[in-house]
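Down below is the structure, laid out as structure tokens.
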Amino acid sequence: MPVSTAQVATTGPAHATRQLVVQLVSHLCEEAVTELAADGRGIITFRQGTCVLAPFGHQLDLIAAAADHDALAGVQRAVTRHLHIASGAELPVDWTEPAAGEDLDLLHPLLGDYLLGQCTPADEVLQELVAETREATGRAAGMQISQDEGAFLAMLVQLVGARNAVEVGVFTGYSSLCIARALPEGGRLLACDVNDDWAAIARRYWERAGVADRIDLKVGPAIDTLRALPAEPAIDIAFIDADKVGYRAYYEEIVQRLRPGGLVVLDNVFLGGRVLDPAYQGEDHVAMRSLNELIVADDRVDSVMLAVRDGVTLARRR
Ligand SMILES: C[S@@+](CC[C@H](N)C(=O)[O-])C[C@H]1O[C@@H](n2cnc3c(N)ncnc32)[C@H](O)[C@@H]1O
């Protein structure tokens with residue numbers, strides 16, 4: 001689904017931008033379904049597509065989306081025309097070239113690279129694990145979490161004061177290593193994966209890092225491992241980074257067993273931007289989209305979705 005955005009510089013006091021949205025919502029209600037959200041955003045649903053009007057101080061952000069390029073152009077024209085009428089001025093509206101969900105620049109490569117250098121540096125063991133994973137697994141190496149995400153996970157483990165951790169999706173063990181190292185003496189990590197070849201690499205690095213004795217690796221479908229856990233709420237932190245269609249079942253099994261204040265961390269909740277684009281209706285996309293909605297509505301947890309790499313959701317048990 002093509003998406004296009006524009007940032008319009010408005011004039012007058014900052015509240016005038018919010019007022020402009022109110023006017024636009026009212027002007028457009030004859031040709032579209034309009035909604036004024038409590039946070040001041042206007043949401044316009046035309047027959048051929050949608051446009052969100054988001055006021056920020058002296059700037060109005062426009063986010064238009066439609067099923068195809070012609071429909072998108074129609075949405076852009078309608079919004080631009082009404083903006084000019086409502087503002088009484090020919091404010092310049094420079095729409096970006098249409099982009100599809102997977103083309104969204106979620107993280108500029110320059111920023112991605114900068115972030116790698118702005119966290120506790122990966123030590124030799126982690127760096128060598130990255131190099132061996134690239135060599136041994138080829139394209140699959142892209143599944144490994146990044147250095148900054150590893151540092152983030154380790155910090156979460158420490159902030160939560162976790163002693164009892166669970167990981168779903170080990171691959172060659174980078175994230176497990178970050179979690180296990182951050183646990184205190186006597187802490188345990190239950191690590192689940194189906195692939196014993198990749199896990200063999202993980203085991204070697206856990207040994208080298210001196211944390212192998214605190215990791216219980218279970219090779220087999222993670223759902224069976226999770227369902228076999230005792231029912232009591234003993235998990236302090238869990239990291240889910242495996243098959244996307246399985247996330248919902250993993251989340252459910254884990255949330256029931258989280259102690260109050262315990263955290264479940266879900267990786268890849270953007271799916272490279274495809275969750276934002278309803279044109280993507282693959283099994284993974286549908287599953288992730290619906291899980292994201294379910295978590296927001298889940299009154300057992302407080303949650304926040306962060307733009308860390310491919311999207312990370314934190315859900316904390318109430
Ligand atoms: C994205 S990778 C995990 C990356 C890892 N967290 C890291 O930092 O390197 C996903 C892993 O999930 C595992 N996996 C896929 N389906 C699974 C299942 N049903 N049960 C357990 N693990 C599964 C795959 O074998 C793969 O190793």
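If you're wondering where the values come from, they're calculated on a predicted model, not measured in any experiment. For ligands, and for the atoms within them, numbers begin at 1 and follow the listed sequence. We're numbering straight along the sequence, starting at 1.
Ranking the protein heavy atoms by distance from atom 3 (C) of ligand 1 puts D241 O, 3.2 Å first. Protein heavy atom closest to atom 7 (C) of ligand 1, with residue, atom name and distance, is S175 OG, 3.5 Å. Ranking the protein heavy atoms by distance from atom 16 (N) of ligand 1 puts D243 OD1, 3.3 Å first. Ranking the protein heavy atoms by distance from atom 19 (N) of ligand 1 puts Y250 OH, 3.2 Å first. Looking only at protein heavy atoms, the nearest one to atom 23 (C) of ligand 1 is V194 CG2, 3.6 Å. Here the heavy atom of the protein found nearest to atom 27 (O) of ligand 1 is D193 OD2, 2.7 Å.
Considering all non-hydrogen atoms of both residues, I215 and A191 come closest at CG2-CB, 3.9 Å. Minimum interatomic distance between A242 and G169 (heavy atoms only, all atoms of both residues): CB-CA, 4.0 Å.
More than 12 heavy atoms of other residues, nucleotides or ligands sit less than 6.0 Å from atom CD of Q118.
Where the criterion is an N or O separation shorter than 3.5 Å, residue side chain and backbone included, G173 fails it with respect to ligand 1. Remark: ligand 1 and P221 share no N or O pair separated by less than 3.5 Å (distance only, no angle test). By the 3.5 Å distance cut-off applied to N or O atoms, T172 is not counted among the residues near ligand 1. Taking any N or O of N195, backbone or side chain, none lies under 3.5 Å from an N or O belonging to ligand 1. For A222, a nitrogen or oxygen atom sits less than 3.5 Å from a nitrogen or oxygen atom of ligand 1, counting backbone and side chain alike.
Side-chain contact between D284 and V245: present, with at least one pair of heavy atoms (C-beta onward) separated by less than 4.5 Å.
For the side chain to side chain contact (heavy atoms under 4.5 Å, CB included) test, residues two or more places apart in sequence or in another chain that qualify with R257 are L229, I235, E253. By the salt bridge (charged side-chain N to carboxylate O under 4.0 Å, His left out) test, R248 is found to be paired with no residue, residues two or more places apart in sequence or in another chain being considered.
Taking only non-hydrogen atoms, the option from K244, E149, Q144, K218 nearest to atom 9 (O) of ligand 1 is Q144.
Not a single heavy atom of G246 sits closer than 4.0 Å to an atom of ligand 1.
Atoms of ligand 1 found under 4.0 Å from any heavy atom of V170, numbered from 1 in the order shown, are 5 (C), 7 (C), 9 (O). Which parts of ligand 1 touch W198 is read off a 4.0 Å heavy-atom cut-off, strictly below it: atoms 25 (O), 26 (C), 27 (O).
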Derivation of the side-chain contact (heavy atoms from CB on, under 4.5 Å) call for Y250 and D241: CA-CA 10 Å; Y250 305 146; D241 184 20; over 6 Å; no
Full working for salt bridge (charged side-chain N to carboxylate O under 4.0 Å, His left out) between R203 and D196: CA-CA 10 Å; R203 279 198 203 91; D196 210 15; 3.3 Å; yes
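At a heavy-atom distance under 4.0 Å, no atom of V168 approaches ligand 1.
The closest side-chain donor-acceptor pair between T172 and E132, if any, does not fall under 3.5 angstrom.
Ion pairing between a basic and an acidic side chain is recognised when a charged N comes within 4.0 Å of a carboxylate O; K218 and D224 show no such pairing.
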